[in-house]
Each structure stands twice: as structure tokens, then as C-alpha cells.
Amino acid sequence: MTDAKPFVALCPETLPMRLGALPVLKEKLGTNTSCWRVKEVGDGNLNLVFIVEGEQGKAIVKQALPYVRLVGESWPLPLKRSFFEYHALMRQAERDPGMVPKIFHFDADQAIIVMEFLSPHIILRRALIEGQQLPKIGRDLGLFVARTLFRGSDLAMPARKRKEDLALFSDNVELCDITENLVFSDPYFEATLNRHTSPQLDGIVAELRSDRDLKVEAQKLKHLFAAKAETLLHGDLHTGSVMVTPDETRVIDPEFAFYGPIAFDVGMMIANFWMSYFSQAGHETNGDREGMRSYLLGVVEEIWMTFRAEFSNLWRSERNGMLYQRSLFEDRGDTLGAEQALDHVLHEIWTDMLGFAGVEIHRRILGLAHNADFEAIADENVRARCETKALKLGRHLAVNRRHIHSLAEINSLAERLEKETVI
Ligand code: SR1
Ligand code: MG
């Protein structure tokens with residue numbers, strides 16, 4: 001028997017009455033709920049997000065809806081995603097302190113998370129569209145992925161604890177199902193909810209959908225995503241899941257968290273910087289985004305270099321899990337053996353990361369969930385030119401990932417594509 005109240009969606013009018021008794025909110029905002037001001041600001045695909053302002057301060061109230069907000073009630077989605085988001089945030093806060101918002105309260109039945117209001121942070125994607133160069137982002141994100149992904153794996157965790165977490169997050173089935181379809185399959189056939197800039201992209205879309213090598217690679221990547229339960233992923237680590245100021249970076253929204261391949265989060269993240277790179281032409285006035293383009297390619301390099309360096313540090317200092325155990329290497333004086341194993345692990349992450357980046361680029365242009373980098377380009381011919389270049393890079397990454405040796409190689413291909421005159 002449970003005395004849980006049935007789920008009811010919040011709205012600005014009811015929120016003060018429904019949450020006004022929460023001690024933590026009274027402490028943060030002030031006790032006079034009659035003067036709380038509430039604004040719904042959610043611009044994501046799934047949830048409600050409210051800014052609540054009282055006499056003393058502000059807080060964020062996030063509530064999951066029992067369906068996909070972007071599509072409507074015809075696509076039901078369980079409220080338990082809020083539970084996974086809460087638990088992922090708790091673990092990320094331990095694994096990379098200071099990089100996720102502080103959590104004040106969680107209500108599983110109402111799928112509500114009350115958290116810190118980040119100010120003056122803005123969504124990273126928005127900043128990049130505006131042409132802002134954030135100096136810390138490459139390093140902060142590189143460290144975040146290295147720390148959260150290493151520390152959530154069998155490289156670092158006690159086997160029992162890691163298996164308990166694997167079991168806990170394995171119930172996040174419906175959100176994994178979204179990724180499995182939207183990222184790895186739907187872009188490559190005429191799925192009902194797909195859309196693309198048409199008719200400009202019709203030709204290249206048909207080409208990609210009849211590209212056998214690409215479809216096989218996308219399915220191999222899907223196989224990896226589904227079967228390689230390596231670490232606790234954020235699961236949806238794009239530039240819309242990061243909030244920034246020039247001095248601070250915060251990662252939000254890990255409701256897609258589950259155990260999957262380390263390379264997935266890293267690949268998804270860098271793909272979003274490459275998409276930003278190709279979208280700059282659509283936001284440019286008088287060629288003023290040249291510096292921004294170099295900056296974005298530099299960020300990709302910095303994320304990977306920082307990830308590799310920090311992952312290697314952790315390998316040497318915190319490798320206390322059951323994988324590549326010290327008793328086989330360092331404890332027997334075989335430091336070289338541990339380094340050889342590290343090289344192998346990093347090489348596999350590198351190869352798979354490129355593949356995940358490739359399909360992430362494709363799905364944002366061909367699938368249901370597009371991104372504002374391209375969507376905000378009003379001139380469809382300009383947008384289609386930007387998207388075509390990104391699609392070409394995505395295909396190269398997914399299909400040729402085993403033969404690509406450096407980011408310099410990819411970035412110089414991106415620069416050549418950028419200069420191409422297409423359609
Ligand atoms: C139906 S949900 C579409 C997308 O929105 C989320 O942010 C994830 O990226 C998901 O793939
Ligand atoms: Mg999200």
C-alpha cells in the first residue's frame with residue numbers, strides 16, 4: 001500500500017500552493033508564497049521547467065510529463081525518467097564536484113526535481129549561436145566526461161556497487177529506446193516523424209539512405225550502444241545540456257542516464273561542436289564568424305585532449321576496480337603493461353567516439369529532434385548548405401572511423417568542406 005498522490009502536472013498558478021510548504025523552497029525563496037512569481041521556461045523536448053522567484057531568491061522546479069512534450073500525449077513516456085535523472089545527478093556531483101546543479105528536493109511520485117537556479121548562466125547552444133567564445137568549456141567538458149565516465153565504470157567502482165547501479169539504471173528502457181530509434185535507425189529510413197530541409201536536402205538524404213556501408217556502421221554503433229554496458233552515461237550530452245558563463249560550466253538534464261559505452265557521451269558532445277561549426281555561416285554577418293569557427297575546432301581538440309589526459313591520470317591513480325587490476329601489472333613491476341592496456345582502451349574509445357559523433361550529426365538533420373544551430377537559420381537555402389556539409393562529415397566519421405588517426409585530420413576536412421560550394 002502506498003499513499004502516493006496521483007500525478008498532476010504543475011502550472012504557474014498552482015505551483016506556489018503545491019510546493020509552498022517545502023522547507024527547502026521556503027528557505028531559498030522566502031516564506032511568503034503569495035509573492036512567488038512562477039514562469040514556465042522549458043524549451044526542451046520532454047519536460048516542464050519553472051523558474052520560481054520569491055523575496056529571497058530563485059529556484060528551478062523541473063517536472064517530467066507522462067508523454068513526450070515535443071510530440072504530445074500520443075507518445076507516452078514514463079515519469080520514472082525523473083528518478084533516473086535525480087540518481088544520475090547525485091552520482092555526477094560526487095564524480096565531478098561542482099559540475100552539476102545542486103539538488104534541493106526530489107519527489108518521485110510527482111516526478112519533480114527542485115534545484116539550484118543557475119545565474120547568469122545560459123544554455124551553451126544559445127551562446128554558440130550568438131558567436132560567444134567560452135574560454136573554459138573545452139577543459140571543463142573534457143574533465144567532466146573523463147571523471148564521470150571513468151568513475152562510474154568497472155575500472156574504478158567496487159564490482160557489487162557497479163552491478164547494483166547497472167541494475168538500477170537498466171530500467172530506463174523507454175529513454176534508451178528513444179535513442180536507439182532516433183539516433184541509430186530512424187535517420188536511415190523514411191521513419192514517420194522524420195523531417196529535413198526539403199527539397200534542398202532530398203538528394204543527399206536519398207543517397208545516405210541507400211548507403212549500405214553507412215547503414216551497417218550505424219547498426220554496429222547501435223549494437224555497441226545497447227550491449228556495451230561500460231559506465232553510467234549522461235546519455236544526452238549535447239550543447240543544450242550544458243549551461244555556461246565565461247567562468248563556469250554546468251551539465252544538466254541526465255534523464256537518459258544508463259550504462260553504455262564510454263565513447264557515447266564523448267562522441268555526442270564533440271558532434272555538437274562540429275554542427276555548431278557548420279552552422280556558423282547561417283549566423284554570420286559580413287564574414288564575422290571566422291574566429292568562431294577556429295575556436296569551435298579548437299574546443300573539439302581540447303575536449304578530447306583533456307579527456308585523454310584526465311582518463312590517463314585516473315587510470316594511473318584510481319584504477320581500483322576489477323578491470324585491468326593492478327595485481328597483474330603495477331604490483332608486479334609491469335608499469336608498461338598497464339600503459340599498453342590504457343592505449344588499447346583509449347584507442348577503442350577514440351574509434352567508437354567518432355562513429356557516435358557521425359550518427360549524432362545525422363540524426364539532428366534527418367530525424368525528429370533537430371537542433372537550434374541549424375533550425376534558427378531562416379533562409380532555407382543557407383541552412384541546407386550548412387546541413388549538407390555536416391551530413392558529409394557525419395558520413396565520413398561513421399564509415400571511416402577506424403582509419404582516422406587525428407582530430408587535426410578531421411578538422412582540416414571540416415575546413416575543406418566549409419569552403420566547398422554545394423547545392
Ligand atoms: C523524443 S525526445 C527527442 C530528443 O530530445 C532529447 O533531448 C533527446 O536528445 C532525444 O533524442
Ligand atoms: Mg534534455
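In each ligand, atom 1 is the first atom listed, and ligand 1 is the first ligand listed. Heavy atoms only: backbone and side chains are in, while hydrogens, waters and symmetry mates are out.
Closest to atom 1 (C) of ligand 1 by heavy atom, among V68, L175, N181, is V68.
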Please lay out, stage by stage, how Y295 and F273 fare under the test ring pair (Phe, Tyr, Trp, His ring centres under 6.0 Å). CA-CA 10 Å; Y295 160 79; F273 285 95; 7.7 Å; no
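In terms of protein heavy atoms, atom 11 (O) of ligand 1 is closest to R363 NH1, 2.8 Å. At the shortest separation from atom 5 (O) of ligand 1 among protein heavy atoms lies N45 ND2, 2.7 Å. Nearest non-hydrogen protein atom to atom 10 (C) of ligand 1 is F256 CZ, 3.7 Å. The nearest heavy-atom contact from the protein to atom 7 (O) of ligand 1 is D236 OD2, 2.8 Å.
Qualifying salt bridge (charged side-chain N to carboxylate O under 4.0 Å, His left out) partners for D154, counting only residues two or more places apart in sequence or in other chains: R162.
Within ligand 1, counting atoms from 1 as listed, the ones closer than 4.0 Å to a heavy atom of L46 are 2 (S). Of all atoms in ligand 1, numbered sequentially from 1 with element shown, those under 4.0 Å from a heavy atom of A369 are 3 (C), 4 (C).
Under 4.0 angstrom from ligand 1, there are no non-hydrogen atoms of M268.
Ligand 1 lies less than 4.0 angstrom from a heavy atom belonging to L182.
Taking both residues in full, the closest heavy atoms of I262 and L149 are given as O-CD1, 3.4 Å, listed atom of the first, atom of the second, then distance. For Y188 against V183, the heavy-atom pair with the smallest separation is CE1-O, 4.2 Å.
Residue pairs meeting the ring-ring contact (aromatic ring centres under 6.0 Å, His included) criterion with at least one partner in residues 111-151, sequence neighbours excluded, are F150-F311.
Every N/O-N/O distance between W75 and ligand 1 stays at or above 3.5 Å.
Taking the six-membered ring wherever Trp is involved, the centroid distance between the rings of F225 and F264 falls below 6.0 Å.
Of the N and O atoms on the side chains of D202 and S198, at least one donor lies less than 3.5 Å from an acceptor on the other residue.
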